[in-house]
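Encoded as structure tokens, the structure appears first; notes follow it.
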Amino acid sequence: MPAYWLFKSEPNTWSWDQHVAAGTAEWDGVRNHQAKNHMIAMKRGDQGMFYHSGKDKQVVGVVRVAKTYYPDPTDKTGKFGMVDLEVVRTLKSPVTLAQIKAEPRLSDMVLVRNTRLSVQPVEPAEWKIVLAMAK
DNA sequence: GCCAACGTTGGC
DNA sequence: GCCAACGTTGGC
């Protein structure tokens, strides 16, 4: 059973378009222990939603874990690592934060409850609902 | 541009 | 080891 995740990115820093162009990219720069622990728990083949924070505030694509947790060379302290994420597909119609907040069955999503966490687990039921909303 | 939430730092 | 001060994230 693959697990599901959500990866948050500020499009000015790293956008979905950039990730699509790259195909597979390192998810570096995470400096939060909760987010780090989620990445440690990831297995190859796990899927994730790619969420744009900031002006966009919507889920725009689906990615897959292509490489499990390994050290992040951009972290000089050596405490943090990263995973590699491969593009699966772009959502036909992005699912906005407003739509997610308006859906009662998604009221427990970490995205709603803990807005600042950049890497989050997603429940299988939540995953299904969000992707159904994306058509 | 503001501010709430929350993580981190540093003084004691 | 506690906690106040501070910085950052991210929604509004």
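Numbered from 1 within each chain, the chains take letters A, B, ... in sequence-line order.
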Subject >> Terminal contacting nucleotides, 5' and 3', DNA chain B versus chain A (heavy atom, 4.0 Å) >> reply: B/dA5 to B/dT8
Original post:
Between A/F50 and A/H19, what is the ring plane arrangement, given parallel below 30°, perpendicular above 60°, and tilted in between?
Top reply: perpendicular
Original post:
Do you reckon A/Y4 sits in the same ILVMFWY cluster as A/L131, going by side-chain contacts under 4.5 Å, direct or chained?
Top reply: yes
**OP:** Assign A/Q34 to base, sugar-phosphate, or nothing according to its heavy-atom contacts below 4.0 angstrom with the strands shown.
**Re:** sugar-phosphate
Original post:
So what does A/K55 touch, heavy atoms closer than 4.0 Å: a base, only the sugar-phosphate, or nothing?
Top reply: nothing
Original post:
Under 3.5 Å, is there a donor-acceptor pair between the A/R116 and A/S53 side chains?
Top reply: no
Subject >> Pairing residues for A/Y69 by the ring-ring contact (aromatic ring centres under 6.0 Å, His included) criterion, not counting sequence neighbours >> reply: none
Original post:
Does A/K67 have any side-chain contact (heavy atoms from CB on, under 4.5 Å) partners at least two apart in sequence or in another chain, and if so, which?
Top reply: A/Y70, A/D84
